[in-house]
Amino acid sequence: KRKMKNQFWILLTGGLTFVLLFYIKLNTLLFSFLLVPLLMIAFTYGSFTYSFRSSLKAETIPQNGYEERINKLNREKFDINKLGFNKIEELYLKTIPDSVTYIYKHDKENVFFCMYHFGSKTGYDFISHFEKDITLTTSSVVEGGMLPRPAKNLLQIFENTTYKRGFEMHLLSQKLIQSNGTKLIEINNNNYISLILKSVKDLARFVKKIPFWPVLLIYWTITKRGKIYLKTIEEQIKSGTIRLIR
């Protein structure tokens, strides 16, 4: 039903645009300026709603056609294991673009590591969970900060850095949060996929409460909004980008 709703939205937007062309007799140039933005908004709305649909679930990674992506993730396992992380799960998410994900857990630190393959690029997140639903994510891709986030979802991004350096920066920020009196919590490995899906859907609901979010989503994508997180958590606090919650 949701997929049909998205298709209806796109068709309706395109249909109304052509009606305007026929009855108002817009010239070709003006029509182009009107059509392109409307189609972009319709596509953005449809793709976002599909990717973050309530029925989204973790699936088994397809074997046919995904060999190269699986091999790429497997080649990274050695460097990740050297840091003390061990793979606990893998999953496939049918989103736009689709995602092949390996999940690791550190054998000493209370830190998860997620390695993503989106088809055209890879990325990773180090993730720690604290009391009061506070999370710390250290990411390698600026697109990870494209969407506005609840105040409890802390994010820092370091592009083109090694796993080792990213892990070190994550632990430094983790200690900073703990020094604020916020305690780390232990997450059951068997429940982590469910937690990932919940966080994805919660973020989508948060974004959809923002007025004119499909239009803003285009703007955030073009301007690479995630650049505001290209700082450590400490630097973000000093600049006023975020504040720690006690």
Side-chain angles (χ1 to χ4, degrees), residues 44 48 51-52 83 85 99 101 103-106 109-116 118 121 123-187 192 195-246:
T44 300
F48 184 88
S51 294
F52 295 92
L83 293 177
F85 287 90
S99 170
T101 302
I103 304 173
Y104 296 77
K105 177 69 166 56
H106 199 269
E109 301 290 345
N110 200 352
V111 180
F112 288 88
F113 177 86
C114 294
M115 184 76 181
Y116 313 101
F118 299 108
K121 66 185 302 183
Y124 67 77
D125 290 337
F126 291 98
I127 308 171
S128 294
H129 299 267
F130 301 82
E131 60 184 353
K132 302 176 184 177
D133 293 326
I134 295 171
T135 60
L136 167 66
T137 301
T138 300
S139 182
S140 67
V141 289
V142 71
E143 289 83 2
M146 181 175 66
L147 301 175
R149 307 168 68 85
K152 294 182 177 183
N153 293 3
L154 304 175
L155 172 68
Q156 55 185 5
I157 300 173
F158 305 106
E159 293 185 296
N160 304 316
T161 191
T162 63
Y163 300 132
K164 184 176 184 295
R165 180 58 176 164
F167 186 38
E168 291 172 346
M169 299 303 291
H170 183 84
L171 291 179
L172 284 174
S173 293
Q174 178 178 286
K175 290 179 181 178
L176 175 63
I177 296 170
Q178 289 176 290
S179 70
N180 189 52
T182 305
K183 297 179 181 179
L184 275 168
I185 60 172
E186 184 71 33
I187 303 293
Y192 204 68
L195 187 61
I196 288 176
L197 290 173
K198 180 180 182 301
S199 65
V200 166
K201 294 172 184 179
D202 286 348
L203 179 59
R205 282 192 288 269
F206 178 81
V207 171
K208 286 183 176 182
K209 291 179 180 179
I210 301 173
F212 308 109
W213 65 265
V215 178
L216 290 174
L217 184 54
I218 296 172
Y219 173 74
W220 296 328
T221 303
I222 294 174
T223 59
K224 290 194 174 182
R225 182 185 181 280
K227 290 186 292 185
I228 65 175
Y229 299 108
L230 292 173
K231 303 174 183 177
T232 64
I233 294 299
E234 183 177 14
E235 290 170 335
Q236 291 181 48
I237 294 171
K238 290 179 178 179
S239 66
T241 302
I242 62 171
R243 64 181 182 86
L244 293 184
I245 298 173
R246 291 185 179 274

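When a residue number appears, it is its place in the shown sequence, counting from 1. What you are looking at is a predicted structure, and each value in this text was computed from that prediction instead of being measured.
- Between Thr162 and Tyr124, the shortest heavy-atom distance links the atoms O-OH, 3.4 Å.
- Atom CD1 of Ile177 sits about 11.5 Å away from atom CG of Leu172, to the nearest 0.5 Å.
- Residue pairs meeting the salt bridge (charged side-chain N to carboxylate O under 4.0 Å, His left out) criterion with at least one partner in residues 218-233, sequence neighbours excluded, are absent.
- With hydrogens and angles ignored, the 3.5 Å screen pairs no side-chain donor or acceptor of Ser128 with any backbone N or O of Gln174.
- In this structure, the side chain of Thr182 does not engage the main chain of Gln178 through any donor-acceptor pair within 3.5 Å.
- Lys105 places a side-chain heavy atom less than 4.5 Å from the side chain of Asn110.
- Atom NZ of Lys201 has more than 12 heavy atoms from other residues, nucleotides or ligands within 6.0 Å.
- Ser199 contributes a side-chain N or O that, together with a main-chain N or O of Ile196, makes up a donor-acceptor pair within less than 3.5 Å.
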(message) Evaluate Asp125 against Ser139 for side-chain hydrogen bond (donor to acceptor under 3.5 Å, both in side chains), listing each step before the verdict.
(response) CA-CA 4 Å; Asp125 290 337; Ser139 182; 2.9 Å; yes
(message) I'd like to know whether Phe167 forms a ring pair (Phe, Tyr, Trp, His ring centres under 6.0 Å) with Phe113, so could you lay out the CA-CA distance, the side-chain angles of the two residues, the decisive distance to 0.1 Å, and finally the verdict.
(response) CA-CA 9 Å; Phe167 186 38; Phe113 177 86; 8.7 Å; no
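- Counting heavy atoms from C-beta outward, Ile237 and Leu176 have side chains that approach closer than 4.5 Å.
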Anything under 3.5 Å between a donor and an acceptor, one on a side chain of residues 141-158, the other on a protein residue two or more places apart or in another chain? List them.
unit_1, atom_1, unit_2, atom_2, d
Glu143, OE1, Lys121, NZ, 3.3
Arg149, NE, Asn153, O, 3.1
Lys152, NZ, Lys132, O, 3.0
Gln156, OE1, Ser173, OG, 2.8
Gln156, OE1, Ile233, N, 3.0
Gln156, NE2, Thr138, OG1, 2.8
Gln156, NE2, Met169, O, 3.3
Gln156, NE2, Ser173, OG, 3.2

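- The side chain to side chain contact (heavy atoms under 4.5 Å, CB included) search around Leu195 returns His129, Ile187, Tyr192, not counting sequence neighbours.
- Within the structure, the side chain to side chain donor-acceptor pair (under 3.5 Å) test picks out no pair touching residues 210-220 (sequence neighbours left out).
- Looking only at distances, no side-chain donor or acceptor of Glu109 sits under 3.5 Å from a matching main-chain atom of His106.
- Identified under the ring-ring contact (aromatic ring centres under 6.0 Å, His included) test for residues 225-246, with sequence neighbours left out: none.
- With values rounded to the nearest 0.5 angstrom, Thr137 atom OG1 is found 5.0 Å from Ile127 atom CD1.
- Within the structure, salt bridge (charged side-chain N to carboxylate O under 4.0 Å, His left out) contacts touching residues 159-171 (residues at least two apart or in different chains) are Lys164-Glu168, Arg165-Glu168.
- Nearest heavy-atom pair, Val200 versus Phe52, reported as atom, atom and distance to 0.1 Å: CG1-CD2, 3.3 Å.
- Shown here for Tyr116 and Ser99, the closest heavy-atom pair between the two residues is CD2-OG, 4.2 Å.
- Rounding to the nearest 0.5 Å places CD1 of Ile185 at 9.5 Å from CZ of Phe130.
- To the nearest 0.5 Å, the span separating CD1 on Ile242 from CD on Glu234 amounts to 10.5 Å.
- Other residues, nucleotides and ligands contribute more than 12 heavy atoms inside 6.0 Å of the CG atom of Asp202.
- Within the 4.5 Å cutoff, the side chain of Phe126 has no heavy atoms near those of the Tyr104 side chain.
- In terms of heavy-atom proximity, Ser140 sits nearest to Gly123 at OG-CA, 3.5 Å.
- Judged purely by atom type and a 3.5 angstrom limit, Gln236 has no side-chain atom pairing as donor or acceptor with the backbone of Thr241.
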